[in-house]
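Computed over heavy atoms, backbone and side chain alike; hydrogens, waters and symmetry mates excluded. In each ligand, atom 1 is the first atom listed, and ligand 1 is the first ligand listed.
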Amino acid sequence: MQFHERENMFSKRSIWDFKVNRITELLKQIENVGESIIDLTESNPTKVGLNYSCEKTLKPLYNIKNLEYSPDPKGLLDARESICKFYEKNGVFLEPENLLLTSGSSDAYNYIFRLITNPGDEILVSAPSYPLLSYLSQLNDINLKYYKLIYDGEWHIDFDSVKKSLSPRTKIFVCINPNNPTGSYIKRDEYEQISEIALQNNLVIISDEVFWDYNIISDMSSIISFSNCHDVPTFTLNGISKLLALPQMKLGWIVINGPASFRLSAMNRLELISDTFLNVNIPSQNALSKWFETMQNVFNELSERIRKNYDYLLNNINTNIPLQLFNVEGGWNAILRLPNIYKDEEWVEIFLKKSGVYVHPGYFYDFEYESCIVLSLIINPSKFQEGVNNLIDQVLVCSSK
Ligand SMILES: Cc1ncc(COP(=O)(O)O)c(C=O)c1O
């Protein structure tokens with residue numbers, strides 16, 4: 001008998017549009033003719049020429065304990081204790097029993113969605129924000145409802161839009177702190193309003209803090225890490241893919257905060273979810289305490305690079321150029337607003353064809369403002385500067401026509 005694919009063989013949640021977009025098509029054509037481009041979208045730290053030392057990165061993995069497999073669904077105690085020590089240095093006191101290790105933040109979101117939501121439930125997510133959440137929510141049969149971030153020299157949460165998006169099916173308030181790509185942190189007054197809304201509407205909060213330590217604001221006193229807040233049921237996500245620039249080692253964590261009864265029930269259930277998959281590899285868990293020491297130089301190099309690249313934008317985008325640089329407080333990205341003679345996607349095509357530079361269009365991140373592009377700040381500074389100079393030249397040519 002021959003195989004016949006049934007019309008409904010695949011789940012509805014996997015009916016995606018696999019059509020290649022114009023930008024990806026253009027990139028392929030450029031690649032095929034062997035032309036080089038300056039890629040200002042690169043966000044993979046292992047691909048931007050950082051000074052990783054083989055010894056410092058790989059030696060912690062050479063450990064006899066890695067020959068043994070005795071997993072703990074919460075994650076090995078030694079690894080959880082080393083995370084507590086890391087937070088303690090920053091004045092945040094956590095207990096290892098309130099931590100659960102995951103293979104990364106995507107895994108963490110997935111576990112929390114399994115824990116909190118039923119099919120058809122809704123979660124609140126900011127726009128702009130990074131696109132992964134739309135796939136994660138589809139895979140969990142839940143719906144995203146957006147609240148807006150608005151810009152007036154700084155990014156703020158538009159609480160009217162939060163209220164409009166709330167419904168009896170809302171279960172989670174997601175904060176990305178600092179947000180990708182706007183780089184904006186949650187401020188104390190915003191935290192208070194979010195907590196109030198969460199308590200009134202019986203929501204839990206997820207605060208995704210994978211970029212937390214890459215801050216470039218001088219005054220940290222107004223910003224809030226949810227890992228240090230105890231009144232509302234909250235899951236704070238972080239991991240070494242950004243913090244220690246080790247995405248390949250697949251290790252993240254969830255900090256559970258809130259009233260004791262919530263923490264206990266949430267952890268019991270999360271442990272069972274985690275025990276079903278046991279996704280986190282043992283070697284990374286055994287290496288974590290050492291990596292917190294040995295990877296400090298890569299974190300420092302990356303932080304300096306982000307500051308240097310942002311300073312270059314601050315110094316070179318001035319009132320003589322028809323470009324607006326949005327204020328960055330932290331994270332790995334910067335956003336530029338271009339003259340709206342073209343749409344963001346058209347600008348991206350022009351930069352690819354005429355300037356040999358690749359940037360992301362704002363619509364990838366659900367930008368409301370027209371003609372925004374997103375640049376990665378973790379690029380090697382000389383390459384970054386060359387790319388930005390090419391962009392500025394092109395904008396000047398296009399806007400003088
Ligand atoms: C805000 C944010 N959270 C989480 C992730 C995914 O992180 P992980 O590698 O820990 O899954 C990304 C990826 O870029 C991100 O931008």
Side-chain angles (χ1 to χ4, degrees), residues 39-48 50 75 79 83 86 99-114 123-137 139-140 144 146-147 149 155 157 172-186 205-215 223 225-227 234-255 274 277 279-281 284-285 288 291 295 298-299 302 306 328-335 360 362 364-367 374-379:
D39 184 356
L40 295 187
T41 70
E42 188 57 79
S43 61
N44 178 343
T46 66
K47 295 200 170 168
V48 291
L50 291 168
I83 294 167
F86 166 77
L99 284 174
L100 183 120
L101 304 195
T102 63
S103 70
S105 321
S106 315
D107 211 19
Y109 276 115
N110 216 30
Y111 285 8
I112 299 166
F113 294 161
R114 303 315 293 169
I123 64 170
L124 299 175
V125 176
S126 65
S129 76
Y130 84 124
L132 182 69
L133 274 165
S134 71
Y135 286 100
L136 278 170
S137 60
L139 288 171
N140 282 281
L144 292 186
Y146 289 100
Y147 61 89
L149 299 183
W155 290 96
I157 295 178
I172 305 176
F173 196 128
V174 179
C175 303
I176 301 178
N177 186 27
N179 186 38
N180 177 5
T182 58
S184 46
Y185 285 90
I186 302 291
I205 298 170
I206 295 179
S207 181
D208 175 342
E209 301 192 354
V210 297
F211 293 111
W212 175 267
D213 288 81
Y214 295 93
N215 59 73
I223 66 173
S225 164
F226 284 77
S227 61
T234 304
F235 301 99
T236 305
L237 316 186
N238 203 342
I240 64 172
S241 73
K242 311 288 185 290
L243 179 62
L244 303 180
L246 290 174
Q248 73 278 45
M249 301 305 177
K250 304 304 294 175
L251 181 57
W253 55 87
I254 303 172
V255 180
S274 170
F277 300 101
N279 281 344
V280 197
N281 72 77
S284 285
Q285 297 183 63
L288 186 62
W291 278 333
M295 297 306 292
V298 176
F299 169 80
L302 202 43
I306 290 166
V328 177
E329 296 170 351
W332 289 8
N333 290 300
I335 301 160
H360 274 153
F364 274 15
Y365 302 86
D366 289 311
F367 264 86
V374 178
L375 280 58
S376 166
L377 291 171
I378 69 166
I379 314 291

Next item on the list: Pick, from Trp332, Tyr109, Tyr130, the option with the minimum heavy-atom distance to atom 4 (C) of ligand 1.
Entry: Tyr130
Margin query: Out of all atoms in ligand 1, which are within 4.0 Å of some heavy atom of Val210? Include the element for each.
Written below: 1 (C), 2 (C), 3 (N), 4 (C)
Check: Looking at Phe235 versus Tyr111, is the centre-to-centre ring distance below 6.0 Å?
Finding: no
Checklist line | N/O donor-acceptor pair under 3.5 Å between Ser284 side chain and Asn281 backbone | finding: no
Check: Between Asp208 and Tyr109, does any side-chain donor sit less than 3.5 Å from a side-chain acceptor?
Finding: yes
Checklist line | Contacting atoms of ligand 1, where contact means under 4.0 angstrom from a heavy atom of Ile176 | finding: 1 (C)
Note to self: Students should be able to answer this: which protein heavy-atom is nearest to atom 16 (O) of ligand 1, and at what distance?
What the structure shows: Asn180 ND2, 2.7 Å
Next item on the list: Would you check if there is a donor-acceptor pair between the side chains of Ser225 and Glu209 at a distance under 3.5 Å?
Entry: yes
Item checked: Protein heavy-atom partner closest to atom 11 (O) of ligand 1 - residue, atom, separation in Å -> Ser105 N, 3.1 Å
Margin query: Looking only at protein heavy atoms, which one is nearest to atom 3 (N) of ligand 1, and what is the separation?
Written below: Asp208 OD2, 2.6 Å
Check: With a cut-off of 4.0 Å, which atoms of ligand 1 are near a heavy atom of Ser241?
Finding: 7 (O), 8 (P), 9 (O), 10 (O)
Notebook entry, point to check: Below 6.0 angstrom between ring centroids: does that apply to Tyr214 and Phe299?
Noted result: yes
Checklist line | Ligand-residue contact atoms, ligand 1 with Lys242, heavy atoms, under 4.0 Å | finding: 7 (O), 9 (O), 12 (C), 13 (C), 14 (O)
Next item on the list: Scan side-chain atoms only and decide if Ser137 and Asn140 contain a donor-acceptor pair under the 3.5 Å cut-off.
Entry: no
Check: By number and element, which atoms of ligand 1 are closer than 4.0 Å to a non-hydrogen atom of Ser106?
Finding: 11 (O)
Notebook entry, point to check: Is the ring centre of Tyr185 less than 6.0 Å from the ring centre of Trp155?
Noted result: no
